[in-house]
*Asks:* 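This is the structure, below, for whatever I ask next.
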2 protein chains.
Amino acid sequence: MTLAEKAYVSLRKDIVEGCFAPESPLRLADLSERYGMGFSPLREALNRLQAERLVTAESLRGFRVSAQSLAEFEDALQARLLIETEALRQSMAKGDDAWEASVVAALYALRLQTRRQGGDVDELKLRHHTFHRALLAACGSDWLLDFFERLYAATERYRIPALLSAGPQKRDIDAEHGAIADAVLARDTPRAEALLRDHYLRTAEAIRSGMAPA
Amino acid sequence: MTLAEKAYVSLRKDIVEGCFAPESPLRLADLSERYGMGFSPLREALNRLQAERLVTAESLRGFRVSAQSLAEFEDALQARLLIETEALRQSMAKGDDAWEASVVAALYALRLQTRRQGGDVDELKLRHHTFHRALLAACGSDWLLDFFERLYAATERYRIPALLSAGPQKRDIDAEHGAIADAVLARDTPRAEALLRDHYLRTAEAIRSGMAPA
DNA sequence: AATTCTATAATTTTCGAAGATTATTATTGT
DNA sequence: ACAATAATAATCTTCGAAAATTATAGAATT
């Protein structure tokens with residue numbers, strides 16, 4: 001793996017996880033020290049992230065972490081619902097036994113981690129992402145999966161602060177995931193879509209309530 | 001405008017227009033001579049284009065123009081229909097007078113160019129793009145517009161070869177655009193969607209028939 | 001003749017410095 | 001004191017060379 005690739009992975013992770021505040025400048029000298037590499041690989045990574053809308057660039061003024069706002073989040077949420085319901089529909093229409101098995105496996109692994117007290121939160125986020133991608137993986141469309149990844153990263157930035165300041169968890173998220181998986185495996189498309197939709201709308205509600213109206 | 005931005009614009013244009021064959025390697029020494037700049041700005045542009053899926057990169061083996069295939073095209077087409085019908089619906093629901101005026105203006109400018117004998121084909125492509133974007137511009141979703149731009153570029157690569165080898169034009173494309181604009185301005189959502197859909201499906205048919213099944 | 005090994009060449013990737021631009025501070029004048 | 005200007009510093013951008021890797025060609029071996 002080249003330095004530019006490492007820079008991309010590290011920067012992306014740190015931005016999505018909120019290590020840098022939104023709109024804060026990403027100065028090359030700082031990044032160079034933080035990640036232990038020269039300017040070139042960092043600039044390449046920043047350019048990739050710019051195309052993904054995680055950072056913004058202004059000519060001769062460098063890069064910044066993209067801004068966050070409630071409007072931006074609502075936009076990403078709506079786009080997610082559009083993309084994911086369609087991808088889920090197609091995935092359920094086309095998925096084979098191996099796909100079903102991967103959904104079961106992802107759900108199982110996710111549950112193990114949610115129930116593990118004091119478990120690694122990074123691992124939990126990874127397994128959550130894996131489960132949601134597994135649901136859509138058989139849709140057969142590279143473009144839809146690409147958009148899913150973009151939107152997942154964009155909304156993850158909002159989800160994480162909400163998770164950390166999570167008050168009394170009124171939701172049984174394991175149960176929600178389980179219900180979605182059940183409907184998916186039963187090939188009950190309308191129910192699966194409705195459950196997935198509810199799942200996201202509830203998360204959105206939690207994020208809205210925990211977010212200052214910017 | 002920085003050199004890296006110029007490199008991005010030039011490279012993107014040349015790739016979309018097919019100046020480089022699909023899968024052909026994009027060697028830095030060649031590009032450096034072609035565009036008259038050093039490696040750094042070129043690599044930055046290539047990284048951005050990689051994130052847009054117009055080029056692919058392999059560690060330590062450089063960049064290539066993305067491959068083309070019928071399957072890829074069909075995938076992009078389906079994604080386009082999903083994104084654009086939704087964006088059109090919202091645009092028609094939210095668009096104000098200024099938006100309507102911009103649609104009329106874009107259609108007018110497009111017609112002028114299609115009727116101009118021996119006109120600049122670059123200008124025609126630009127106005128075509130402008131018209132289709134104008135239709136969606138009022139949708140209010142940055143994400144949907146972003147996806148539209150991605151998919152437009154991805155499918156443009158297929159459309160251009162088909163246009164050049166255009167046989168007897170059985171279609172009256174001006175009329176198709178006009179009909180779409182009429183339905184849009186009349187706020188007849190179902191009709192507008194159907195017409196836009198037909199418009200793309202006809203273009204797709206033309207491309208399929210002009211393309212070796214890869 | 002085919003295969004492995006070696007030497008060479010071509011290419012990508014990275015660094016460090018120079019050039020160019022923007023931001024900040026100091027200075028001057030009113 | 002305030003505004004405008006100049007000097008300074010900080011930062012981004014670009015280049016050219018060095019380092020690292022991959023591809024190619026030729027020689028040696030089986």
Side-chain angles (χ1 to χ4, degrees), chain A residues 1-16 18-68 146 153 157, chain B residues 1-16 18-68 146 153 157:
Chain A
M1 192 187 254
T2 65
L3 281 179
E5 287 166 335
K6 284 187 192 131
Y8 170 76
V9 172
S10 306
L11 263 170
R12 191 174 199 276
K13 178 170 152 65
D14 288 346
I15 289 170
V16 169
C19 299
F20 307 107
E23 299 195 77
S24 64
L26 295 165
R27 292 216 183 74
L28 286 167
D30 300 346
L31 299 179
S32 177
E33 186 178 14
R34 179 183 178 105
Y35 300 109
M37 58 184 71
F39 292 168
S40 309
L42 288 168
R43 286 187 62 88
E44 296 194 12
L46 288 166
N47 274 287
R48 286 176 66 176
L49 293 166
Q50 182 192 5
E52 291 185 30
R53 296 185 47 178
L54 285 172
V55 314
T56 60
E58 222 178 331
S59 267
L60 300 175
R61 288 196 211 177
F63 299 87
R64 296 175 166 276
V65 180
S66 292
Q68 282 191 344
D146 191 64
R157 288 179 67 201
Chain B
M1 192 187 249
T2 64
L3 281 178
E5 286 166 335
K6 285 190 190 126
Y8 170 75
V9 172
S10 306
L11 263 170
R12 191 174 200 276
K13 179 170 151 64
D14 288 346
I15 289 170
V16 169
C19 299
F20 307 107
E23 300 196 76
S24 65
L26 294 165
R27 292 216 183 77
L28 286 167
D30 300 345
L31 300 179
S32 176
E33 187 178 14
R34 179 183 178 107
Y35 299 109
M37 58 184 71
F39 291 170
S40 309
L42 288 167
R43 286 187 63 89
E44 295 194 12
L46 288 166
N47 274 287
R48 287 175 66 177
L49 293 166
Q50 181 193 4
E52 291 184 30
R53 297 185 45 177
L54 285 171
V55 315
T56 60
E58 223 178 332
S59 268
L60 299 174
R61 289 196 212 175
F63 299 88
R64 296 175 166 275
V65 180
S66 293
Q68 282 191 345
D146 191 65
R157 291 179 66 200

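Residue numbers begin at 1 in each chain, while the letters A, B, ... track the order of the sequences.
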*Asks:* So if I define the base as every atom that isn't primed, P, OP1 or OP2, how would nucleotides 8-15 of chain D read as a B/S/- string at a heavy-atom cutoff under 4.0 Å?
*Replies:* ---SSBBB

*Asks:* Where do A/T56 and A/S66 come nearest, in terms of heavy atoms and distance?
*Replies:* CG2-OG, 3.7 Å

*Asks:* When you list every nucleotide of DNA chain C with an atom under 4.0 Å from a heavy atom of chain A, which one comes first 5' to 3', and which comes last?
*Replies:* C/dT13 to C/dA23

*Asks:* When rounded to the nearest 0.5 angstrom, what is the spacing between NZ in A/K13 and CD1 in A/I15?
*Replies:* 12.5 Å

*Asks:* Extract all donor-acceptor atom pairs below 3.5 Å that involve side chains of residues 25-35 of chain B and protein atoms in other chains or at least two apart in sequence.
*Replies:*
unit_1, atom_1, unit_2, atom_2, d
B/S32, OG, B/M37, O, 2.5
B/R34, NH2, B/D14, OD2, 3.2
B/Y35, OH, B/D14, OD2, 2.6

*Asks:* Show every donor-acceptor pair shorter than 3.5 Å between a side-chain atom in residues 42-51 of chain A and any protein atom, with sequence neighbours excluded, or say none if there are none.
*Replies:*
unit_1, atom_1, unit_2, atom_2, d
A/R43, NE, B/E44, OE2, 2.4
A/R43, NH2, B/E44, OE1, 3.1
A/R43, NH2, B/E44, OE2, 3.3
A/E44, OE1, B/R43, NH2, 3.1
A/E44, OE1, B/N47, ND2, 3.0
A/E44, OE2, B/R43, NE, 2.4
A/E44, OE2, B/R43, NH2, 3.3
A/N47, ND2, A/R43, O, 2.8
A/N47, ND2, B/E44, OE1, 3.0

*Asks:* List the atom of A/T2, the atom of B/S59, and the distance in Å for their closest heavy-atom pair.
*Replies:* CG2-OG, 3.9 Å

*Asks:* First locate atom CG of A/L54, then atom OH of A/Y8, and finally report the distance between them rounded to the nearest 0.5 Å.
*Replies:*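 These two atoms lie 7.5 Å from each other.
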
*Asks:* Over its full length, what angle do the end axes of the helix from C/dA1-D/dT30 to C/dT30-D/dA1 make, each axis taken from five pairs and the result rounded to 10 degrees?
*Replies:* 0°

*Asks:* What pairs with B/R12 under salt bridge (charged side-chain N to carboxylate O under 4.0 Å, His left out), at least two apart in sequence or on another chain?
*Replies:*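 B/R12: salt bridge (charged side-chain N to carboxylate O under 4.0 Å, His left out) contacts with B/E52.
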
